[in-house]
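First the structure, in the form of structure tokens, and then the observations on it.
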There are 2 protein chains.
Amino acid sequence: MQSIYKGKLPLSPPPKLAVISALDGIGTLVGAKFREHQVDKGQDVLRFGEVPEGLHVLIAGHTCRYRMLGDGRRQITAILVPGDLCDLEAGLRGRADYAVGALTRCLVGHLPADPICDAKPLNQELLAALLIRLRRDEAIAREWMVSLGRRSAIESLAHLFCELRTRLADVGLATEDSYELRITQDDLADALGITSVHVNRALKQLREYGLITLKRGILVMSDRPALEKLALFDPSYLQP
Amino acid sequence: MQSIYKGKLPLSPPPKLAVISALDGIGTLVGAKFREHQVDKGQDVLRFGEVPEGLHVLIAGHTCRYRMLGDGRRQITAILVPGDLCDLEAGLRGRADYAVGALTRCLVGHLPADPICDAKPLNQELLAALLIRLRRDEAIAREWMVSLGRRSAIESLAHLFCELRTRLADVGLATEDSYELRITQDDLADALGITSVHVNRALKQLREYGLITLKRGILVMSDRPALEKLALFDPSYLQP
DNA sequence: CGCACAGTTGACGCACATCAACCTGGGTGG
DNA sequence: CCACCCAGGTTGATGTGCGTCAACTGTGCG
């Protein structure tokens, strides 16, 4: 595991190979030219209601899908890791019913034309690969609903840490028990449906239990089995 | 709006025409022979971890997707209405990471062979139709996450009622302000991530505010605009 | 060196959970 | 046809996990 950011800018080469290989079935994309650009923390990759042009692939950093309620309440509905498609199904048709924002400074690949809808005849392999990703996204969404509805704050937090480790390990960005996580407690709170104050207290608990340490953006699972047990984590939903 | 059930058995013809027409793009399915069978309340249409054979279409009644945690906690991750595919993406490959259960007695259509994966070359229209449904399912899941994480109990309940009205109206099973809803408070609780006692109190509040009545399985929205406002309901996520 | 943002902590309040008792209506069987 | 039965609904009393408010502390960056 290496830091993506040395100093201010992500000038150290992001681990592209692993990420690109994560785009397995979407390999055709790699052939296509896609333009990389940097997005600052807090910026939107896709605004709510926008009709996205093409596809956005996250290459380095973390983005999220989120929705706002009129009075300022925010719910993050997905946290994306390198190799993920930010606006997976938004590109399929119509305007997005969610926004995509950057949780850290990140590097995003942009494919201007939409290769799914534009290609005629439809690229079958691409479509199949897309279906697999849609399916995985939905499985993750289901698991988040379980956390939001039926897990306690500390269980939800532990579960999120376990899920992210698995997903990051899939693209070579996590070891067996650690990874880089530079997301603020405010953002974690909006993902878990609680307040940042309570995220802080739950983190403290996990630390006191000797399950994790989280310092300077590096998460270490000191006792991963115990953490997974506390979280009621069953990774089968993440398998292809 | 007519009752599906007269007496004990759903012998009155379910509103098949509307439901079938809801299968728009999946019209090819209608050509195929699919076997109808009845499922009693509480029975599973698909068990957790099972590899589903073919597809299940809900024709009458309500089913749900749900997940159990080891200690008995349950979270319903989707409520399905006639015209919906119960195991939409489960059929695409592999074992289901959720179960599908009947919330009321229902009528389910079963297509034994999987027309998506088996057909070679892939049926493009069918696939496109399936993508649209996947996309809608995911939009609904996102909105549920917003409810679970950021709406109060009464707002979530109101929102669910609004969502179901829209979805049922799409298949001709709801008027502008009423529909049949024979789901128990226990099931509503597991969908909303709260307890049935609290569902009861939230319902009482909505009744006292003059927004709804719910008697003998008939939900009437006495003041739909006010209900939608309370729920922070924006139906755009349900549009195709 | 100091600003600004993120994290930390304590006191207190509320939404929702828990427990337990009681009600209600429609289905069933004698 | 009535009397029972029991799942589901209703209500009150009390407990608690998380929210709110507010002050303070670290830490990275200009």
Side-chain angles (χ1 to χ4, degrees), chain A residues 3 5-10 40-42 62 69 71-75 102-105 147-158 181-208 212-219 230, chain B residues 3 5-9 40-43 62 69 71-75 102-105 147-158 181-208 212-219 230:
Chain A
S3 176
Y5 307 127
K6 286 184 186 154
K8 264 177 270 180
L9 292 170
D40 278 338
K41 175 176 161 66
H62 291 286
L69 292 181
D71 56 4
R73 282 177 276 181
R74 177 176 73 145
Q75 177 65 40
L103 296 177
T104 66
R105 180 174 304 207
S147 280
L148 288 165
R150 289 301 184 216
R151 273 188 260 255
S152 68
I154 195 169
E155 289 169 346
S156 299
L157 185 59
L181 186 71
R182 302 191 177 280
I183 298 179
T184 65
Q185 295 183 1
D186 270 308
D187 290 331
L188 286 173
D190 282 344
L192 301 174
I194 59 180
T195 59
S196 62
V197 173
H198 204 66
V199 166
N200 188 287
R201 293 195 229 268
L203 276 172
K204 188 181 174 186
Q205 286 256 59
L206 289 177
R207 239 181 282 124
E208 285 173 358
I212 65 155
T213 64
L214 177 54
K215 244 184 282 185
R216 276 184 258 281
I218 304 297
L219 180 79
L230 169 69
Chain B
S3 177
Y5 308 128
K6 285 183 186 156
K8 262 178 274 183
L9 294 170
D40 279 338
K41 175 177 159 65
Q43 299 275 102
H62 291 286
L69 293 181
D71 57 2
R73 283 177 277 180
R74 178 176 71 146
Q75 178 65 40
L103 296 176
T104 65
R105 180 172 304 206
S147 280
L148 288 164
R150 289 300 183 216
R151 272 188 260 255
S152 68
I154 195 169
E155 289 169 346
S156 298
L157 185 60
L181 186 72
R182 300 191 178 280
I183 298 178
T184 65
Q185 294 182 2
D186 271 305
D187 291 330
L188 286 175
D190 282 343
L192 301 175
I194 58 179
T195 59
S196 61
V197 172
H198 204 67
V199 166
N200 189 289
R201 293 195 229 265
L203 276 171
K204 187 181 175 187
Q205 286 256 59
L206 289 178
R207 239 183 282 123
E208 285 173 357
I212 64 153
T213 64
L214 177 53
K215 246 185 280 185
R216 276 183 257 283
I218 303 298
L219 179 80
L230 169 69

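Residue numbering restarts at 1 for every chain, and letters A, B, ... go by the order of the sequence lines.
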Looking only at heavy atoms, what is the nearest atom pair of Gln75(A) and Gly193(A), with distance?
OE1-CA, 3.8 Å

Nucleotide of dG19(D), dC16(C), dA13(D) approaching Ala153(B) most closely (side-chain heavy atoms)
dC16(C)

Between dC16(C) (P) and Lys204(B) (NZ): distance, integer Å
16 Å

Closest to the side chain of Val197(A), out of dA22(D), dT11(D), dG9(D), is dA22(D)

Taking the basic N atoms (NZ, or NE/NH1/NH2) and the acidic carboxylate oxygens, is any pair closer than 4.0 Å for Asp187(A) and Arg74(A)?
yes

Does a distance-only test, which skips hydrogens and angles, find a donor-acceptor pair under 3.5 Å between the side chain of Arg207(A) and the base of dT8(C)?
no

Whole-Å distance separating the CG atom of Leu206(B) from the P atom of dT10(D):
12 Å

Mind calculating the distance between CG (Leu188(B)) and P (dG8(D)) to the nearest angstrom?
13 Å

d(CG, Asp186(B); C1', dA17(C)) in whole Å:
14 Å

Would you indicate which nucleotide in dT8(C), dA6(C), dC16(C) comes nearest to any side-chain atom of His198(B)?
dC16(C)

Under 4.0 Å from OP1 or OP2 of dA7(D): is there any side-chain N or O of Gln185(B) that close?
no

Length of the line joining Leu103(B):CG and dG8(D):P, which is rounded to integer Å:
12 Å

Over all strands shown, is Ser152(B) touching base, sugar-phosphate only, or nothing at heavy-atom distances under 4.0 angstrom?
sugar-phosphate

Would you kindly compare Arg216(A) and Val199(A) by the position of their nearest DNA chain D nucleotide and give the one closer to the 5′ end?
Val199(A)

With respect to the side chain of Arg201(B), which nucleotide from dG8(D), dG12(D), dT8(C) is positioned closest?
dG12(D)

Between Asp40(A) (CG) and dC5(C) (P), how many Å, whole number?
14 Å

How many angstroms lie between NE2 in His198(B) and CD1 in Ile154(B), if you round to the nearest 0.5 Å?
8.5 Å

Between dG9(D), dG7(C), dC18(D), which nucleotide gets closest to the side-chain atoms of Ile194(A)?
dC18(D)

Taking only side-chain nitrogens and oxygens of Asn200(B), does any of them come within less than 4.0 Å of OP1 or OP2 of dG9(D)?
no

Given dC16(C), is OP1 or OP2 found less than 4.0 Å from the side-chain N or O atoms of Thr195(B)?
no

Please report the distance, rounded to the nearest Å, between CZ in Arg182(A) and P in dT27(D).
14 Å

Which heavy atom of Thr184(B) sits nearest a heavy atom of Lys41(B), and at what distance?
CG2-NZ, 3.4 Å

Provide the closest heavy-atom pair for His62(A) versus Thr104(A) in the form atom of the first, atom of the second, distance.
N-OG1, 3.1 Å

Take the protein atom CG of Asp187(B) and the nucleotide atom P of dA7(D), then report the distance between them rounded to whole Å.
15 Å

Base, sugar-phosphate, or nothing: which does Lys215(B) touch, judged by heavy atoms less than 4.0 Å apart?
nothing

Which pair of heavy atoms, one from Arg182(B) and one from Arg216(B), lies closest together, and at what distance?
NH1-O, 3.2 Å

Please compare Leu203(A) and Arg150(A) by the position of their nearest nucleotide in DNA chain C and report the one closer to 5'.
Leu203(A)

